[in-house]
Amino acid sequence: MPNALQSAAAFPVTEIDRLDGGSIRLGKPEENPWQLIFVYRGIHCPICRQYLQDLEPKLEEFADMGIEVVAVSADTEAKARKLRADLSLSVPLGYGMDVAQMQALGLYVSDPRSPEETDRPFAEPGLFLVNPEGNLHMVDISNAPFLRPELEKLPSRIKYVLENDYPIRGTHAG
């Protein structure tokens, strides 16, 4: 069972290698005040591939709301490069997440079922919205590729949160 991150708490800043050099700082956006982090299982997952394809046309809408979007996985650099080429992705891709990083983010971690699937442990899907203060505003994690937020409605739902100063939920301490 993963260690769940606490809503409203500081998001653990995590450096992930970025395709084409440098790094992606999860929890510290570079260009926009908000950061939306998509954790995908890897190139081996057809559902993740489709999810990332469906995300592409929404990137501008998120940027217009002041949200930097990134996608990260445990894939190798070569696999991330192939995924980007296969799907013509423009979303910044981070690669090489290790198990300790996955666990620090409260993600479920799976072992490959066979060498044909992949060659290393990988994170199951996660979605994190980090606010300008660096705190976890919203989170959705899953232990399987079949459960994740609907991308069709996600931009409008996040827009509602931003426009209505919707509070961080799930903070009851008792």
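Keep in mind that this is a model prediction, so the values were computed, not measured. Just so you know, residue 1 is the first one in the sequence shown, and it goes up from there. What you see below is based on every heavy atom in this structure, not just the backbone, and it leaves out hydrogens, waters and symmetry mates.
Closest approach of Pro121 to Val99, counting heavy atoms only: CB-CG2, 3.8 Å. Considering all non-hydrogen atoms of both residues, Met65 and Leu162 come closest at O-CD1, 3.7 Å. Nearest heavy-atom pair, Ala104 versus Pro12, reported as atom, atom and distance to 0.1 Å: O-CG, 3.8 Å. Shown here for Cys45 and Pro145, the closest heavy-atom pair between the two residues is SG-CB, 3.9 Å.
Evaluation of the salt bridge (Lys or Arg N to Asp or Glu O under 4.0 Å) test over residues 45-57, restricted to residues two or more places apart or in two chains, returns Arg49-Asp86. Screening residues 154-174 for ring-ring contact (aromatic ring centres under 6.0 Å, His included), with sequence neighbours left out, gives no hits. For residues 130-150, there are no salt bridge (Lys or Arg N to Asp or Glu O under 4.0 Å) pairs, not counting sequence neighbours. Sorted by first and then second residue, the salt bridge (Lys or Arg N to Asp or Glu O under 4.0 Å) pairs involving residues 57-71 (not counting sequence neighbours) are Lys58-Glu152. Residue pairs meeting the salt bridge (Lys or Arg N to Asp or Glu O under 4.0 Å) criterion with at least one member in residues 102-127, sequence neighbours excluded: Arg41-Glu124, Lys79-Asp119, Arg113-Glu117.
The CG atom of Leu59 lies 9.5 Å from the CG atom of Leu36; values are rounded to the nearest 0.5 Å. Atom-to-atom distance recorded for Lys82:NZ and Leu87:CG is 9.0 Å, nearest 0.5 angstrom. Summarising the geometry, atom CD1 belonging to Ile141 is positioned 8.0 Å from atom CG belonging to Leu5; distances are rounded to the nearest 0.5 Å. Distance check, rounded to the nearest 0.5 Å: SG of Cys48 to CG of Leu83 gives 9.0 Å. Here the CG atom belonging to Leu55 is positioned 8.5 Å from the CG atom belonging to Leu154, to the nearest 0.5 angstrom. Summarising the geometry, atom CD1 belonging to Ile43 is positioned 9.0 Å from atom OG belonging to Ser73; distances are rounded to the nearest 0.5 Å.
Linking Ile, Leu, Val, Met, Phe, Trp and Tyr residues whenever their side-chain heavy atoms come within less than 4.5 Å leaves Ile158 and Val130 in two separate clusters. Ile37 is not connected to Met138 by any chain of hydrophobic side-chain contacts under 4.5 Å among Ile, Leu, Val, Met, Phe, Trp and Tyr, and they are in different clusters. Placement of Leu127 and Met102 in two distinct hydrophobic clusters is found when ILVMFWY residues are connected by side-chain heavy-atom separations under 4.5 Å, directly or transitively. No continuous path of ILVMFWY side-chain contacts below 4.5 Å connects Val72 to Tyr95, so the two sit in separate hydrophobic clusters.
Residue Phe146 shares its hydrophobic cluster (ILVMFWY side chains chained together at separations under 4.5 Å) with Ile47.
Residues meeting the ring-ring contact (aromatic ring centres under 6.0 Å, His included) test with Phe128, sequence neighbours left out: Phe11. Considering only residues two or more places apart in sequence or on other chains, Phe122 meets the ring-ring contact (aromatic ring centres under 6.0 Å, His included) condition with His44. Considering only residues two or more places apart in sequence or on other chains, Ala71 meets the side chain to side chain contact (heavy atoms under 4.5 Å, CB included) condition with Phe38, Tyr40, Leu52, Val91, Leu93. With sequence neighbours excluded, the residues satisfying salt bridge (charged side-chain N to carboxylate O under 4.0 Å, His left out) with Glu163 are Lys159. Taking the side chain to side chain contact (heavy atoms under 4.5 Å, CB included) definition, one finds that Ala8 meets it with Ile168, Thr171, sequence neighbours left out.
Counting only heavy atoms from C-beta outward, the side chains of Ile67 and Val69 approach each other to under 4.5 Å. Between Val39 and Leu107, the closest side-chain pair of non-hydrogen atoms falls below 4.5 Å. No side-chain heavy atom of Leu129 sits under 4.5 Å from any side-chain heavy atom of Val139.
In this structure a side-chain-to-backbone donor-acceptor pair under 3.5 Å is present from Asp98 to Ala100.
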Pair up each side-chain donor or acceptor in residues 15-28 with any protein partner under 3.5 Å, not counting sequence neighbours, and list the distances.
residue: Glu15; atom: OE1; partner: Ser23; partner atom: OG; Å: 2.5
residue: Glu15; atom: OE2; partner: Arg25; partner atom: NE; Å: 3.1
residue: Asp20; atom: OD1; partner: Arg81; partner atom: NH1; Å: 3.0
residue: Asp20; atom: OD1; partner: Arg84; partner atom: NH2; Å: 3.4
residue: Asp20; atom: OD2; partner: Arg84; partner atom: NH1; Å: 2.6
residue: Asp20; atom: OD2; partner: Arg84; partner atom: NH2; Å: 3.0

